[in-house]
Amino acid sequence: MADPAQAVLVTDFDGTLYRGDDPVRRYAALAAGRLGGSAGRVLLDGVDGFLATGAPGSAVPEAVDGWEAVALLGLRHGLEQEDLDAAFLATREWMNGPGCALEVPSGYADLLARLRADGVRVVLATNSPAEGLDLLLRRLELLPLVDQVVSGTGKPAGLHRLLRRELALTGAPGRILVVGDHWRNDIAPGLVLGAATGYIDRFGRADGPADAVAAEVEGLLDPLRAWAAGALAGGGQPSGKQSNEEY
């Protein structure tokens with residue numbers, strides 16, 4: 001039988017555990033370089049507009065984050081997926097150097113350390129490939145904040161499978177909390193399971209519901225603390241009903 005006090009927090013990586021637009025701008029520059037000419041300039045301008053105004057007022061309103069904005073614009077102007085993959089991997093390598101400015105939100109980092117000390121297991125789940133990820137996590141001093149790193153998660157379907165496995169360990173969906181900035185990839189799988197959710201909605205997209213919503217992760221810290229208190233006390237049951245729907 002599962003430990004009644006066991007709880008797990010599943011956190012996204014890009015835009016959640018760290019933030020900063022330098023990587024997206026580098027990805028855009030590399031993609032634009034492969035396009036060249038006026039198409040490359042249009043891509044760069046489109047990404048700048050997205051980061052400044054958010055998706056609704058940008059050239060790619062369907063994009064959820066900057067990474068998607070680059071990819072959509074690149075494909076629209078003639079890049080192949082392998083071009084984008086190469087640009088992405090080069091960007092990840094560049095992120096490991098001092099020229100890339102990244103911020104780890106100190107309040108979130110401190111809270112994760114406190115929750116782990118209290119008995120919450122922290123899982124980092126990202127769609128990014130394993131290549132270069134460990135080095136980046138070490139550069140950002142994030143490894144002490146997590147118990148497990150799951151790369152190449154394949155969200156949203158892969159996160160749904162991961163959460164199903166966690167449910168077998170916790171015994172109750174309310175003892176699982178998912179935090180992320182991409183509603184379809186991070187939040188929707190948690191809602192299907194009946195887990196608690198914290199949604200970072202940087203651009204005010206309001207793509208869907210969540211238990212707690214804020215423009216920055218700092219706005220989620222108090223709800224995360226409240227969830228942990230209930231989950232570690234053996235509660236943590238969600239207010240809604242658990243869904244049996246497959247995601």
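Everything quoted here is computed from the prediction, not taken from an experiment. For the single chain, residues carry numbers from 1 onward in sequence order.
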Are [X] and [Y] side-chain neighbours, meaning at least one heavy-atom pair lies under 4.5 Å?
X: V120; Y: L177; value: no
X: D14; Y: S128; value: yes
X: L124; Y: L137; value: yes
X: D12; Y: V179; value: no
X: V64; Y: R205; value: yes
X: V70; Y: F88; value: no
X: D181; Y: D201; value: no
X: I176; Y: L163; value: yes

Would L193 and L167 count as a side-chain contact (heavy atoms from CB on, under 4.5 Å) here? Give the steps.
CA-CA 9 Å; L193 190 75; L167 179 59; 3.9 Å; yes
Within a radius of less than 6.0 Å around CD of E141, do more than 12 heavy atoms belonging to other residues, nucleotides or ligands occur?
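No.
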Answer yes or no: does atom CD of Q148 have more than 12 heavy-atom neighbours from other residues, nucleotides or ligands under 6.0 Å?
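Counting other residues, nucleotides and ligands, CD of Q148 exceeds 12 neighbours.
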Please report the interatomic distance [atom1]([X]) to [atom2]([Y]), rounded to the nearest 0.5 Å.
X: D186; Y: T11; atom1: CG; atom2: OG1; value: 8.5 Å
X: L51; Y: D21; atom1: CG; atom2: CG; value: 4.5 Å
X: R92; Y: L136; atom1: CZ; atom2: CG; value: 6.0 Å
X: I187; Y: T197; atom1: CD1; atom2: OG1; value: 5.5 Å
X: R121; Y: E166; atom1: CZ; atom2: CD; value: 4.0 Å
X: L133; Y: F13; atom1: CG; atom2: CZ; value: 5.5 Å

Does the salt bridge (charged side-chain N to carboxylate O under 4.0 Å, His left out) test come out yes or no for D147 and R116, once each step is laid out?
CA-CA 8 Å; D147 296 283; R116 288 190 71 221; 2.7 Å; yes
Look at the side-chain heavy atoms of Ile, Leu, Val, Met, Phe, Trp and Tyr, link any pair under 4.5 Å apart, and say whether [X] and [Y] land in one connected group.
X: L135; Y: L140; answer: no
X: L115; Y: L232; answer: yes
X: V150; Y: L159; answer: yes
X: L30; Y: L44; answer: no

I need the minimum non-hydrogen distance between [X] and [Y], along with the two atoms involved.
X: A113; Y: L145; value: CB-CD2, 4.1 Å
X: V10; Y: A125; value: CG1-CB, 3.9 Å
X: W227; Y: R175; value: CZ2-O, 3.3 Å
X: F50; Y: G66; value: CE2-N, 3.5 Å
X: E218; Y: P105; value: OE2-CB, 3.9 Å
X: L102; Y: Y18; value: CD2-CE1, 3.5 Å

Start with the C-alpha distance between V217 and R19, add both sets of side-chain angles, then the distance that settles side-chain contact (heavy atoms from CB on, under 4.5 Å), and finish with yes or no.
CA-CA 10 Å; V217 72; R19 62 192 173 202; 4.2 Å; yes
Determine, step by step, whether L9 and V123 satisfy the side-chain contact (heavy atoms from CB on, under 4.5 Å) criterion, reporting the C-alpha distance in whole Å, the side-chain angles of both residues, the deciding distance to 0.1 Å, and the verdict.
CA-CA 6 Å; L9 185 153; V123 176; over 6 Å; no
Could you check T16 against Y108 for side chain to side chain donor-acceptor pair (under 3.5 Å), going step by step and ending with a plain yes or no?
CA-CA 9 Å; T16 301; Y108 190 39; over 6 Å; no
If you apply the rule salt bridge (charged side-chain N to carboxylate O under 4.0 Å, His left out), what do you find for D22 with R25, and how did you get there?
CA-CA 5 Å; D22 272 9; R25 295 188 185 281; 5.6 Å; no
side-chain contact (heavy atoms from CB on, under 4.5 Å) evaluation trace for L143 with D134
CA-CA 8 Å; L143 286 176; D134 185 71; 3.7 Å; yes
Got a sec, which residues hit side-chain contact (heavy atoms from CB on, under 4.5 Å) with D110, two or more places apart in sequence or on another chain?
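Partners of D110 under the side-chain contact (heavy atoms from CB on, under 4.5 Å) test: none.
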Qualifying residues under side-chain contact (heavy atoms from CB on, under 4.5 Å), relative to L84, sequence neighbours excluded
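L84 satisfies side-chain contact (heavy atoms from CB on, under 4.5 Å) with Y27, A31, A71, L75, L79, Q81 once adjacent residues are dropped.
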Which is it for T153 and N127 under the side chain to side chain donor-acceptor pair (under 3.5 Å) test, yes or no, and what are the steps along the way?
CA-CA 5 Å; T153 302; N127 278 353; 4.7 Å; no
Among residues two or more places apart or on two chains, list those pairs meeting side chain to side chain donor-acceptor pair (under 3.5 Å) that have a residue in residues 63-77.
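Found E68-H182.
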